[in-house]
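Below is one structure; the comments refer to it alone.
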Number of protein chains: 2
Amino acid sequence: MGAKPGRATDAVESLPSRREEILDAAAEAFMTLGFAATSIDSICAALGLTKGSVYYHFRSKSDLFFAVHRRAMERTRVALTGAAPDAPPAERLHAMAFAHAMLIMEHLPDLRVAALGLEMHLMVRTTAAERADLEELVALRDANERLYVAVIEEGVARGVFRKVDPRLASKPLLGALNWTSRWYQPRPRQRRADRAAIATELADFVLGGLLHRSTC
Amino acid sequence: MGAKPGRATDAVESLPSRREEILDAAAEAFMTLGFAATSIDSICAALGLTKGSVYYHFRSKSDLFFAVHRRAMERTRVALTGAAPDAPPAERLHAMAFAHAMLIMEHLPDLRVAALGLEMHLMVRTTAAERADLEELVALRDANERLYVAVIEEGVARGVFRKVDPRLASKPLLGALNWTSRWYQPRPRQRRADRAAIATELADFVLGGLLHRSTC
DNA sequence: CCCTTTCGACATACCGGGTAGTATAGTAGC
DNA sequence: GCTACTATACTACCCGGTATGTCGAAAGGG
């Protein structure tokens, strides 16, 4: 089933499709078991492939993990930058958080792998090439975090947010959202509207964490 | 250095002391590398012991991991139940979040290991005894979560919090706090007052996420 | 239109290193 | 000598990575 092996027609789409299939399976496995406990063989078994195939598309297990991570970061960046970019700070932050929460629920494996973190792998002895990949991913993650920091700064400057340290305030904000990848599990009968309700609650929560208290 | 081997005096304190030493080293290692990537030998090396000693005190690597986890859950329970138990909901929630954040910063290894989660290890094939331990830990974690749910329920009932689903609202709350174990790293010159400032910010954030908006 | 060559995309077999766990022996206090 | 604790030596096993084989599809020439 699926694409026949060896065909080079539709090269535009079928060539990356195998890669994406492996990425999907890897994200599933990493999400469930974590990096160290996931074996390449288990990923292969889920696909009906063998190690030769995986190591044809990816240089190493770390490379595969990084690729999953990179995809998650890119998806996050697209979601955040596309969320009401011209709205005032409060509306924009709400839109960003909503989009972020929706993204996590709809691409759970990728985003959960990303939420597992990179720091843990910085400690293990790595090759120079892996270090470079790691630093690139850290940069991507920091760039996404800065999108939040920027909107918080603007909100504080305009007086619609409390006087907080934007960098510090971004931490619980990201925690509240990223934590979703830990407790959310999709239900069979759940539709987009259900996820939207959850995402709205989460966005309300993080926005409320920055607004002025109702001490009127 | 440290306690001499073989002594049984001060049995009240020295007996658990070795166990606690191993637990501390294990928490450090698990925090840095994760469960699967941490070897018993590396824990032993950090203590100047060998595997024989560790396997005398703990039946298995999982047992050691569970013990770290259990200690974290117990510490969390103590911190949460001791935080302004008789204050009204808003003050109590703020006190709980503050105590929680302080606990994470002051017992980073334990709490970070706990934040790594249990679900990941539920998937791997485990023995029946390990399953029992796992379910006990899940129960402890859920009990702590329910402490937050209860105060949210009370706050909603009294009208001081927004009309939220308490169980759902507890998720971003816990995420905002637990995430601290991911980004916080203690600085040499940092004192209790510095941590308290951070904890106050975090508690303000999660409390603000539940209060009514300032739409006056 | 046919045969041969080349190449992309996998499978198979294997090695080497690391590691959880065990079995056993040793050592210090009571 | 008994008990509590620790060190040493060893085994069985899993897993990442590699070296090599296979097979079908494009490519190319006549």
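Lettering follows sequence order; numbering is per chain, from 1.
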**Request:** For the pair B/Ser42 (side chain) and B/Ser39 (backbone), establish whether a donor and an acceptor sit closer than 3.5 Å, ignoring hydrogens and angles.
**Result:** yes
**Prompt:** Are any side-chain N or O atoms of B/Thr38 and backbone N or O atoms of B/Gly34, one a donor and one an acceptor, separated by less than 3.5 Å?
**Reply:** yes
Would you mind reading off the distance between [X] atom [atom1] and [N] atom [atom2], rounded to a whole angstrom?
X       : N      : atom1 : atom2 : value
A/Leu47 : C/dA9  : CG    : C1'   : 14 Å
B/Phe58 : D/dT6  : CZ    : C1'   : 15 Å
B/Arg19 : D/dC5  : CZ    : C1'   : 14 Å
A/Leu64 : D/dG17 : CG    : C1'   : 14 Å
A/Arg59 : D/dT18 : CZ    : P     : 11 Å
A/Ile40 : D/dG16 : CD1   : P     : 5 Å
A/Ile43 : D/dG17 : CD1   : P     : 11 Å
B/Asp41 : D/dC10 : CG    : P     : 16 Å

**Asked** Base, sugar-phosphate, or nothing for B/Thr38, non-hydrogen atoms under 4.0 angstrom?
**Response** sugar-phosphate
**Prompt:** How would you label the contact of A/Ser62 with the nucleic acid (heavy atoms, under 4.0 Å): base, sugar-phosphate, or nothing?
**Reply:** nothing
**Request:** For nucleotides 12-18 of chain C, just jot down a letter per nucleotide in 5' to 3' order: B, S or -, based on protein non-hydrogen atoms under 4.0 Å.
**Result:** B------
**Message:** Less than 6.0 angstrom separating the ring centers of B/Phe98 and B/His94, yes or no?
**Reply:** no
**Item:** Candidates B/Asp110, B/Ile43, B/Leu64 - the one meeting side chain to side chain contact (heavy atoms under 4.5 Å, CB included) with B/Leu23
**Value:** B/Leu64
Candidates [options] - which lies nearest the side chain of [X]:
X       : options               : result
B/Leu49 : C/dA9, D/dT6, D/dG16  : D/dT6
B/Tyr56 : D/dG16, C/dA20, D/dA4 : D/dA4
B/Arg18 : C/dA20, D/dC5, C/dA9  : D/dC5
A/Tyr55 : D/dG16, C/dG8, C/dG21 : D/dG16

**Message:** Would you say B/His57 places a side-chain N or O within less than 4.0 Å of OP1 or OP2 belonging to D/dA4?
**Reply:** no
Assess whether a salt bridge exists between [X] and [Y], defined as any Lys/Arg side-chain N lying under 4.0 Å from an Asp/Glu carboxylate O.
X        : Y        : value
A/Asp24  : A/Arg19  : no
B/Glu106 : B/Arg192 : yes
A/Glu74  : A/Arg71  : no

